[in-house]
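To start, the structure itself, in structure tokens.
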Amino acid sequence: MPPERLLEAMTINYWLMKSEPTTFSIDDLANQPDQTTCWEGVRNYQARNLLRDEIQVGDRVLFYHSACKVPAVMGTAVVSRSGYADHFQFDPKSNYYDAKSDPENPRWYMVDITLESEFERPVTLAELRERAGLKGMVLLQKGSRLSVQPVKKKEFDTIVKLASKPA
DNA sequence: GCCAACGTTGGC
DNA sequence: GCCAACGTTGGC
């Protein structure tokens, strides 16, 4: 392995993934076999590139509830399988079907994630906005809609720490 | 390649 | 339910 690949293999990266709890909540993840699920249905090229090229086994994930009453980070997960073709794109009955995707050259990718911890309490979006140290988070940028996005280690650690303290 | 129209996301 | 912001589509 060339040295830069070796370094990559040793480096853990951090991500945030959004899910609408009415579709798939952190409790749903907790109830999956092995508390593991494939992260299907991402249909945005920027997020696709992350799923296909960047996100590696062992990377850690903030599980975020979006489009709900109290948007919040709910817990953490670990990437348990790196990018592979999202088979729902080839299923005409799926909401995620994409007639223009070529099976020889799949357009959409997914990873598997496994629950790591459910926070004792949600760390709300409002709370994240109050922390000066989190100002740079992709999630907090105006108009930011990426459903899979990079997070800095410092940001990840700050949020995990917040979750262990009373609101 | 431009850009208007449309659809979606997601906080509020 | 509203609406701002964004991404995609498709005519030209």
Side-chain angles (χ1 to χ4, degrees), chain A residues 13-32 37-55 59-77 79 83-113 115-152 154-156 158-163 165-167:
Chain A
N13 289 306
Y14 298 83
W15 312 97
L16 179 145
M17 296 188 185
K18 296 180 188 173
S19 187
E20 301 189 13
T22 50
T23 303
F24 191 83
S25 70
I26 194 159
D27 287 331
D28 292 327
L29 178 58
N31 288 325
Q32 295 296 305
T37 187
C38 58
W39 203 254
E40 80 277 13
V42 174
R43 296 294 180 267
N44 166 283
Y45 287 101
Q46 211 179 330
R48 185 281 309 269
N49 293 345
L50 297 177
L51 291 169
R52 187 188 58 188
D53 306 329
E54 305 293 335
I55 301 178
D59 285 358
R60 299 176 72 195
V61 175
L62 295 171
F63 194 108
Y64 178 82
H65 280 179
S66 69
C68 56
K69 203 159 186 186
V70 184
V73 180
M74 302 302 292
T76 65
V79 176
Y84 60 108
D86 176 344
H87 58 269
F88 291 91
Q89 71 195 299
F90 305 123
D91 176 3
K93 293 192 294 284
S94 169
N95 281 340
Y96 302 128
Y97 180 59
D98 183 349
K100 290 188 217 152
S101 183
D102 172 9
E104 296 297 303
N105 183 24
R107 183 179 288 187
W108 305 115
Y109 280 72
M110 61 188 179
V111 300
D112 289 355
I113 65 168
L115 183 66
E116 181 178 43
S117 73
E118 239 179 300
F119 288 165
E120 286 174 38
R121 65 177 189 87
V123 178
T124 67
L125 177 62
E127 205 177 339
L128 298 181
R129 289 199 193 285
E130 285 168 9
R131 302 285 299 195
L134 298 178
K135 279 238 157 39
M137 279 191 78
V138 175
L139 182 74
L140 304 184
Q141 304 316 302
K142 183 174 171 140
S144 166
R145 307 192 321 192
L146 254 196
S147 66
V148 176
Q149 54 180 254
V151 169
K152 294 196 179 69
K154 215 169 195 173
E155 296 164 346
F156 186 97
T158 298
I159 291 169
V160 168
K161 207 165 183 182
L162 275 176
K165 295 178 186 164

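Order of the sequence lines sets the chain letters (A, B, ...), proteins ahead of strands, with each chain counted from 1. Given the structure is predicted, the values throughout are model-derived calculations rather than measurements. The figures that follow rest on heavy atoms only: side chains count, while hydrogens, waters and symmetry mates do not.
- The aromatic rings of A:Phe24 and A:Trp39 stand perpendicular to each other, their planes meeting at an angle above 60°, with 30° marking the opposite boundary.
- Between the A:Ser144 side chain and the A:Leu140 main chain, no donor and acceptor come within less than 3.5 Å of each other.
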Between A:Val151 and A:Leu139, does a side-chain contact (heavy atoms from CB on, under 4.5 Å) hold up when you go through it step by step?
CA-CA 9 Å; A:Val151 169; A:Leu139 182 74; over 6 Å; no
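- Rounded to a whole Å, the CG atom of A:Leu16 is 14 Å from the C1' atom of B:dG10.
- Rounded to whole angstrom, the span from the CD atom of A:Gln149 across to the C1' atom of C:dG7 amounts to 16 Å.
- Judged by distance alone, with hydrogens and angles left aside, the side-chain atoms of A:Arg60 form no donor-acceptor pair with the main-chain N or O of A:Asn13 at under 3.5 Å.
- Going from atom CG of A:Asn95 over to atom P of B:dT8 covers 11 Å, rounded to whole Å.
- A:Ser25 places a side-chain N or O within donor-acceptor distance of the main-chain N or O of A:Asp27, the cut-off being under 3.5 Å.
- Between A:Trp15 and A:Phe63, the ring centre distance reaches or exceeds 6.0 Å.
- Contacts between residues 63-73 of chain A and DNA chain B, defined by a heavy-atom separation under 4.0 Å, are made by A:Tyr64, A:Ser66, A:Ala67, A:Pro71.
- B:dG11 atom P lies 6 Å from atom NZ of A:Lys18, rounded to whole Å.
- In this structure, CG of A:Asn44 is placed 14 Å from C1' of B:dG7, rounded to the nearest angstrom.
- Side-chain atoms of A:Gln32 do not come within 3.5 Å of backbone N or O of A:Leu29 as any donor-acceptor pair.
- Of the residues in residues 120-144 of chain A, those with a non-hydrogen atom less than 4.0 angstrom from any atom of DNA chain C are A:Lys142, A:Gly143.
- Heavy-atom neighbours of A:Arg121 CZ from other residues, nucleotides or ligands within 6.0 Å: above the threshold of 12.
- Remark: P of C:dG7 and CG of A:Leu146 are 8 Å apart, rounded to the nearest angstrom.
- Computed from coordinates, the A:Arg43 CZ to C:dG7 P distance equals 17 Å when rounded to whole Å.
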